[in-house]
Structure formats: structure tokens, C-alpha cells
Amino acid sequence: MQISNEKQGLREKKVGDVTVEKKRRLVEVPYTATLAHTLNALVANRVVAVPVAAPPGHWIGAGGSMIMESDKQTGAVRKHYIGMVTMLDILGHIGGGDGFDFEGIMSVPVSSIIGHCLEGLSLWTLNPNTSILDCMEMFSKGIHRALVPLDSHMENISGVELVESASSYRMLTQMDVLRFLKEHASELNSVLSCSVGELGVIHETVFGVTDGTKVMEAIKCMKVASLNAVPIIEASDGTEDCTKLINGKGRKLIGTFSATDLRGCPVTQLQSWLPLSVMDFTEKVSTSPLHGSTNSRSPWRELVTCFAESCLGEAIDKAVAKHVHRVWVVDRQGSLVGLVSLTDMIRAVRISLLSDASVI
């Protein structure tokens with residue numbers, strides 16, 4: 001009963017409590033921006049997704065959404081957010097062509113690739129009055145980010161919406177929610193102290209690429225499977241097909257290849273880096289000045305792992321500290337057991353909060 005009472009305050013928190021300190025302006029691109037311009041915006045602002053803005057009245061938003069920016073005084077609509085583009089969308093477009101006209105690939109308008117990957121098919125907003133539990137429900141179902149209106153012109157809205165009008169927005173991500181939960185760790189000890197194995201949050205089916213796989217081949221595999229990241233595993237005997245994903249379970253984990261790695265690759269050098277192996281690519285990324293580190297032990301090279309018996313709190317701490325979107329689960333020999341994603345972490349904490357609420 002005492003533990004449940006301690007959590008009562010956390011259960012009553014709102015989305016606005018999570019975003020109150022998030023004062024960074026929204027990074028966006030116009031619908032006419034090229035893919036190269038969009039990638040530059042992602043790299044310069046160190047983000048992995050941007051909403052795409054267009055003039056009102058000419059577009060249907062992703063998933064039928066109508067998310068507008070309007071004048072604070074008059075309420076007149078200034079722009080329409082028609083979708084979200086992520087690093088994975090850009091990777092998918094790069095790997096989607098039969099030929100390889102790199103300049104042509106990077107010169108297409110960003111509006112033409114919205115929805116190429118599954119997540120881009122919808123665009124969501126979360127009202128600041130939405131409960132943290134409802135917010136966590138959305139993020140526990142695989143949605144990675146949503147727009148939060150700072151001064152909504154819509155009345156009596158609380159929850160996840162496809163229709164919104166406000167003078168400005170902020171982006172709320174799964175990582176923001178996990179940081180918030182980490183700040184309240186003392187109220188969540190009952191679930192954070194449980195092992196990831198005990199909580200059943202380990203995905204044991206994990207497909208990866210070998211260290212000899214070329215970046216372009218890895219990109220094509222990730223596009224087909226809608227994967228934001230894959231483990232790099234040690235090649236076994238040199239006879240494996242490097243053009244396909246392979247079952248990584250029980251194999252030696254040696255690295256991670258992620259869509260976010262593109263942030264460490266200057267657009268001017270991207271074409272020359274694509275023929276590299278995934279290991280050579282991640283090595284170059286780890287020493288790129290775009291990440292402000294020339295240390296070969298930088299977090300971009302470091303494996304972020306835990307064991308099945310590691311507590312959930314440790315997995316969350318590592319994900320937040322290293323700013324990664326999954327923690328690989330390995331055995332004592334460093335062989336891959338599975339992974340715990342941010343989605344899994346948020347779901348486990350939400351289930352705990354709900355179960356304690358039913359006890360009160």
C-alpha cells in the first residue's frame with residue numbers, strides 16, 4: 001500500500017509536466033526541401049526526425065491528420081504539418097533504387113518520401129493535459145514521437161489526436177518520457193529493480209548483419225524489415241550471404257548499425273562512405289567531428305548491453321546515458337540473447353503503475 005501511495009503523484013502527472021523543461025524550438029523542414037537539405041537539418045540539429053510543413057489547404061496530412069500552426073492572436077492558419085520524416089525514411093529512399101544516381105536520390109523533395117516507412121504513415125499530437133499513463137500507452141505501442149501544442153486553440157481535448165491547431169509545438173519522444181521516469185526512479189523501485197528477463201521484456205528474435213556486410217546492403221535489408229537498427233555480428237565462416245539479414249541469436253555481438261549513424265556522416269561524404277563495410281562505416285562515424293569526438297572509445301562505437309538478469313533500471317540508465325533506442329541483451333560470453341527497446345521499457349513501467357493503481 002505504501003509503494004502504491006508513493007506512485008500516486010507520478011500517475012497524476014501530465015504530458016505538460018514532461019515538456020515543461022523542453023524549451024528547444026521545433027526543428028522542421030518545408031515540403032519543398034530536398035532530401036539533402038533535410039538530412040543537413042537533421043545532422044545540424046542532432047535529431048532523428050522532423051515534421052514537414054506545407055501551406056494550408058493543399059495537402060492531406062499523414063494518416064488523415066490535420067495538425068496546423070496558427071497565429072496566436074488571430075487564429076489564422078499559417079502552415080499544415082503534413083507528416084514526419086525520419087532517418088529511416090531517408091535510408092529507405094537511398095536503398096530503394098535499382099540504379100545509383102546519388103545526386104538524383106538526394107534532390108527529390110522531402111514530401112515525396114513521407115510514409116515510405118511504417119511510422120511515417122501517421123502523425124500524432126499529444127495535448128499537454130494528457131495523463132502520463134495515456135502518453136505511455138501510446139509510446140508502448142511502438143509510436144516513437146508526437147507533437148505537443150504549447151497553446152492549443154482546440155477546446156476540451158485530452159489525449160492522442162490527429163486534429164490540432166496551435167501557435168507552436170514541441171516534439172515529445174520516447175526518450176523524453178524515459179528521462180522523466182528516470183527522474184522519478186525512487187517512486188518506481190518495485191519495477192526498476194526487477195530483471196529484464198523476469199519482466200519478459202526481452203525480444204529474443206533478433207536479425208542482424210555480419211561485419212563484412214556493405215552499408216548499402218544493410219540499408220536495403222533494414223528498409224525491407226522496417227528496422228531502425230541492426231546488430232553487427234561476427235561472421236562465422238565467410239560463406240554467409242551478406243546481402244540478407246541473419247539470425248543473430250547466440251552469435252558474437254561486435255557492433256550496431258543504426259539509421260541514426262547518418263547523423264555522423266557529412267552529406268558531402270555520404271556517397272563515398274556507402275560502399276564501406278558496416279564496421280568501417282561505424283568506425284568513421286565514431287571519429288566524425290559531427291559528433292564532437294575523436295576518441296575511438298566514443299559512445300558511437302561502444303556496445304550498449306545488459307544481461308537477462310540485469311534490472312530494468314540499469315537498462316533504462318544505459319539507454320538514456322548513451323542516447324540509444326535499444327539495449328542489446330548478451331550472455332557472459334558476449335553472444336547475443338536479444339534486445340530491450342524503449343517501447344518495452346515504457347510498457348513495463350506503465351503496467352507496473354496500472355497494477356499498483358488497482359491495489360489502492
Side-chain angles (χ1 to χ4, degrees), residues 27-54 58-59 61-62 81-123 144-145 209 212-230 232 241-245 256-286 288-291 300 325:
V27 180
E28 62 183 63
V29 294
Y31 74 108
T32 52
T34 65
L35 215 55
H37 172 87
T38 303
L39 183 54
N40 278 327
L42 291 166
V43 169
N45 291 282
R46 298 181 60 78
V47 295
V48 297
V50 286
V52 179
H58 300 283
W59 294 78
Y81 291 112
I82 60 174
M84 192 85 70
V85 168
T86 69
M87 285 288 192
L88 185 59
D89 291 310
I90 296 176
L91 271 184
H93 182 72
I94 291 172
D98 293 328
F100 194 66
D101 172 17
F102 187 75
E103 283 193 17
I105 287 173
M106 298 305 289
S107 65
V108 302
V110 66
S111 56
S112 68
I113 71 165
I114 293 174
H116 277 200
C117 294
L118 189 61
E119 189 176 0
L121 292 175
S122 298
L123 181 62
H144 297 149
R145 56 190 62 84
V209 297
T213 302
K214 303 299 183 185
V215 170
M216 268 308 287
E217 298 298 342
I219 288 173
K220 290 177 181 178
C221 290
M222 291 165 67
K223 172 183 168 63
V224 171
S226 294
L227 295 174
N228 280 287
V230 288
I232 304 172
D241 188 347
C242 290
T243 66
K244 296 179 180 178
L245 293 175
T256 303
F257 180 69
S258 170
T260 57
D261 286 341
L262 278 183
R263 287 189 305 180
C265 180
V267 175
T268 54
Q269 296 183 35
L270 181 57
Q271 185 175 11
S272 64
W273 286 18
L274 290 174
L276 299 174
S277 72
V278 287
M279 284 302 290
D280 288 341
F281 183 88
T282 55
E283 181 68 39
K284 281 184 173 288
V285 165
S286 71
S288 167
L290 292 175
H291 289 309
W300 298 95
H325 294 85

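Taking the salt bridge (charged side-chain N to carboxylate O under 4.0 Å, His left out) definition, one finds that E28 meets it with K79, sequence neighbours left out. Residues that satisfy the side-chain hydrogen bond (donor to acceptor under 3.5 Å, both in side chains) test with T243, not counting sequence neighbours, are D241. Among residues two or more places apart in sequence or in another chain, the side-chain hydrogen bond (donor to acceptor under 3.5 Å, both in side chains) test is passed with T86 by D89. Residues passing the side chain to side chain contact (heavy atoms under 4.5 Å, CB included) test with P109 are S111, S112, sequence neighbours excluded. Residues passing the side chain to side chain contact (heavy atoms under 4.5 Å, CB included) test with C221, sequence neighbours excluded: L245. Contacts of H37 classified as side-chain hydrogen bond (donor to acceptor under 3.5 Å, both in side chains), with partners at least two apart in sequence or in another chain: none. Checked against side-chain hydrogen bond (donor to acceptor under 3.5 Å, both in side chains), D280 has the following partners two or more places apart in sequence or in another chain: S277. For F281, the ring pair (Phe, Tyr, Trp, His ring centres under 6.0 Å) partners are F257, W273, not counting sequence neighbours. Evaluation of the side chain to side chain contact (heavy atoms under 4.5 Å, CB included) rule for T32 yields P30 as partners, not counting sequence neighbours.
Proximity of L42 to V48: side-chain heavy atoms (C-beta onward) are nowhere separated by under 4.5 Å. Inter-residue side-chain proximity for L270 and F102 is flagged as met; some heavy-atom pair is nearer than 4.5 Å. Put simply, the side chain of D261 does not reach to within 4.5 Å of the side chain of M87, judged on heavy atoms. Between H93 and I105 there is a side-chain heavy-atom pair separated by less than 4.5 Å.
Closest approach of A33 and T38 over heavy atoms only: CB-OG1, 3.9 Å. Nearest heavy atoms, I113 versus L35: CD1-CD1, 3.2 Å. The minimum heavy-atom distance linking M84 with P51 is given by the pair SD-N, 3.5 Å. Here the closest non-hydrogen pair linking H144 and N228 is CE1-ND2, 3.9 Å. In plain terms, the two heavy atoms of T34 and S107 that are nearest each other are CG2-O, 3.7 Å. The nearest pair of heavy atoms linking A218 to V209 is CB-CG1, 4.4 Å.
A donor and an acceptor atom, one from each side chain of S258 and T256, are nowhere located under 3.5 Å apart.
Rounded to the nearest 0.5 Å, atoms NZ (K244) and OG1 (T213) are 12.5 Å apart.
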Inset, instruction - Determine, step by step, whether V278 and E217 satisfy the side-chain contact (heavy atoms from CB on, under 4.5 Å) criterion, reporting the C-alpha distance in whole Å, the side-chain angles of both residues, the deciding distance to 0.1 Å, and the verdict. - result: CA-CA 9 Å; V278 287; E217 298 298 342; over 6 Å; no

